[in-house]
Amino acid sequence: MTISLDASEWVRRFHPAPSASARLVCFPHAGGSASYFHPVSAALAPAVEVLAVQYPGRQDRHTETPVDDLFVLADRLADVLAPEITGPVAFFGHSMGASLAFEVARRLEARGTKLLTLFVSGRRGPSAHRDERIHEKDDEALLAEVKRLGGTDTAVLDDEDLRSLVLPALRSDYKAAELYHYRPGPDVGCPIVALVGDQDPKVTEAEARQWAERTSGSFELKTYPGGHFYLNDQAAAVIRLIAGRLAG
């Protein structure tokens, strides 16, 4: 499968800020899209320019084949992002996006790029494996899991036409996330900040703390009220955290 390396296809700048003091690259969750981070971009601009990643197979890339291998995604995104982030940069990834952000950070640090901070949200450390196989179940079981976590508008999932559009990318992302296993090798040297909801069924605080093993820099864990998508209710607090770290 040929995968485009055109940055205009992979990166959305909702509020362009070429003179920003720093940039934040945001990696969506399984089934998610770049538009999830539009409010973050609006809140941080123009001091911080947000680059929201758009995976193949959704929204304006819905005609493309989704990528169901997280390592393939990481390789492609490292090539795409390298020329886009010449100044100070941080990464933020939620759920599957956290694992992807980490893998892209590993690749870019190996090329000489040093991140200000890696924010990993709603995701256990790479060594904390769970044997999850939701991607192998039928459509109804997959949709039930998504509804349980609360990350997608149920009106979209209940509409037969819209559901048929989102299911291929959703299943592909779940496969990429569930089959991801940590591969030993150089980790990162940047600080890692792990964020987790205190009622998240997908990650415990103990599992989130395992991110500390993946950096030679500092580590901090932030816990917020809420479940897997605590971000929806705690957006203001998370944005303040990010802004404070990048300003510092």
Side-chain angles (χ1 to χ4, degrees), residues 1 3 26-37 52-74 93-103 120-183 194-208 210-211 224-234:
M1 177 174 56
I3 304 175
C26 294
F27 299 79
H29 53 278
S33 58
S35 61
Y36 184 76
F37 294 105
V53 172
Q54 186 78 305
Y55 308 137
R58 64 218 69 208
Q59 292 189 332
D60 54 349
R61 301 188 72 183
H62 72 275
T63 60
E64 299 177 49
T65 302
V67 179
D68 61 7
D69 186 316
L70 193 137
F71 293 107
V72 172
L73 269 177
H94 181 65
S95 195
M96 179 191 82
S99 298
L100 182 57
F102 167 68
E103 290 295 339
V120 288
S121 168
R123 185 67 167 167
R124 55 192 176 271
S127 300
H129 179 66
R130 293 188 187 186
D131 187 19
E132 296 173 318
R133 297 280 171 170
I134 301 297
H135 73 277
E136 295 178 351
K137 297 186 177 181
D138 63 23
D139 290 349
E140 293 308 314
L142 176 59
L143 292 171
E145 170 71 3
V146 175
K147 289 180 180 180
R148 181 176 76 95
L149 296 178
T152 303
D153 186 351
T154 55
V156 172
L157 300 180
D158 291 335
D159 183 291
E160 187 173 344
D161 292 333
L162 294 176
R163 186 170 57 194
S164 66
L165 290 176
V166 303
L167 266 171
L170 190 62
R171 186 176 299 282
S172 175
D173 288 356
Y174 262 77
K175 180 179 179 181
E178 292 180 342
L179 297 187
Y180 169 70
H181 285 71
Y182 174 72
R183 293 178 179 175
L195 304 88
V196 64
D198 61 4
Q199 300 297 317
D200 190 343
K202 302 291 285 185
V203 54
T204 65
E205 285 192 357
E207 289 173 321
Q210 292 195 31
W211 281 105
Y224 297 87
H228 191 58
F229 284 92
Y230 74 91
L231 284 173
N232 295 343
D233 294 324
Q234 304 298 327

S.K.: What residues, two or more places apart in sequence or in another chain, satisfy salt bridge (Lys or Arg N to Asp or Glu O under 4.0 Å) together with Asp69?
M.R.: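 Partners of Asp69 by the salt bridge (Lys or Arg N to Asp or Glu O under 4.0 Å) criterion come out as none, since no residue qualifies.
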
S.K.: Quick one: does Cys26's side chain get under 4.5 Å of Val53's, heavy atoms only?
M.R.: no

S.K.: Within the side chain of Trp211, is there an N or O that forms a donor-acceptor pair under 3.5 Å with the backbone of Arg123?
M.R.: yes

S.K.: Show your reasoning for whether side-chain contact (heavy atoms from CB on, under 4.5 Å) applies to Val196 and Ser121.
M.R.: CA-CA 6 Å; Val196 64; Ser121 168; over 6 Å; no

S.K.: Test side-chain contact (heavy atoms from CB on, under 4.5 Å) on Leu195 and Gln234; report intermediate values, then the result.
M.R.: CA-CA 11 Å; Leu195 304 88; Gln234 304 298 327; over 6 Å; no

S.K.: Run the salt bridge (Lys or Arg N to Asp or Glu O under 4.0 Å) test against Arg133 and tell me which residues pass, sequence neighbours left out.
M.R.: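 Partners of Arg133 by the salt bridge (Lys or Arg N to Asp or Glu O under 4.0 Å) criterion, ordered by chain and then number, come out as Asp131, Glu136.
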
S.K.: Please name all residues satisfying side chain to side chain donor-acceptor pair (under 3.5 Å) with His129, sequence neighbours left out, ordered by chain then number.
M.R.: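 Residues passing side chain to side chain donor-acceptor pair (under 3.5 Å) with His129: His181.
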
S.K.: With no hydrogens and no angle check, is any side-chain donor or acceptor of Asp198 less than 3.5 Å from a backbone partner on Gly227?
M.R.: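 No, the answer is negative, given that no donor and acceptor are paired below the 3.5 Å cut-off.
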
S.K.: Okay, side chain of Asp173, backbone of Gly31: is any donor-acceptor separation there less than 3.5 Å?
M.R.: yes

S.K.: Could you work out, with salt bridge (Lys or Arg N to Asp or Glu O under 4.0 Å) as the rule, every residue matching Asp233, not counting sequence neighbours?
M.R.: none

S.K.: Looking at CG of Leu179 and CD of Glu132, how far apart are the two atoms once the value is rounded to the nearest 0.5 Å?
M.R.: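 Leu179 CG to Glu132 CD: 10.5 Å, rounded to 0.5 Å.
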
S.K.: In Å and rounded to the nearest 0.5 Å, what is the CG to CG distance from Leu170 to Leu143?
M.R.: 7.0 Å

S.K.: Quick check on the 6.0 Å ring-centre criterion: do His94 and Phe27 meet it?
M.R.: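 They do not qualify: ring centres at least 6.0 Å apart.
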
S.K.: Quick one: closest heavy-atom pair of Asp138 and Arg171, and the distance?
M.R.: C-NH2, 3.6 Å

S.K.: Contact between Pro225 and Tyr230 at the side-chain level, heavy atoms closer than 4.5 Å - yes or no?
M.R.: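 The answer is no, as the side chains (C-beta and beyond) never meet within the 4.5 Å cut-off.
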
S.K.: For Tyr55, check ring-ring contact (aromatic ring centres under 6.0 Å, His included) against everything at least two apart and list the hits.
M.R.: none

S.K.: Could you go through Lys137 and Glu178, starting from their C-alpha distance and side-chain angles, then the distance that decides it, and tell me whether this counts as salt bridge (charged side-chain N to carboxylate O under 4.0 Å, His left out)?
M.R.: CA-CA 13 Å; Lys137 297 186 177 181; Glu178 292 180 342; over 6 Å; no

S.K.: What residues form a side chain to side chain contact (heavy atoms under 4.5 Å, CB included) with Glu145, not counting sequence neighbours?
M.R.: Ile134, Arg148, Leu149, Tyr174, Lys202

S.K.: Listed by chain and number, what are the salt bridge (Lys or Arg N to Asp or Glu O under 4.0 Å) partners of Glu207, not counting sequence neighbours?
M.R.: Arg130

S.K.: Please enumerate all residues that pass side chain to side chain donor-acceptor pair (under 3.5 Å) together with His228, with sequence neighbours excluded.
M.R.: Ser95, Asp200

S.K.: Residues two or more places apart in sequence or in another chain: which of them pass side chain to side chain donor-acceptor pair (under 3.5 Å) with Ser127?
M.R.: Arg214

S.K.: Might you point out which heavy atoms bring Ala208 and Val203 nearest each other, and give the distance in Å?
M.R.: N-CG2, 3.9 Å

S.K.: Could you please spell out the steps behind the side-chain contact (heavy atoms from CB on, under 4.5 Å) verdict for Leu70 and Ser99?
M.R.: CA-CA 8 Å; Leu70 193 137; Ser99 298; 3.9 Å; yes

S.K.: Tell me, please, which residues at least two apart from Ser33 pass side chain to side chain contact (heavy atoms under 4.5 Å, CB included).
M.R.: Ser35, Gln54, Arg58, Gln59

S.K.: Could you pull out the closest heavy-atom pair between Gly57 and Ala169, with the gap in Å?
M.R.: O-CB, 3.4 Å

S.K.: How would you list, by chain and number, every residue that makes a side chain to side chain donor-acceptor pair (under 3.5 Å) with Tyr180, sequence neighbours excluded?
M.R.: Glu103

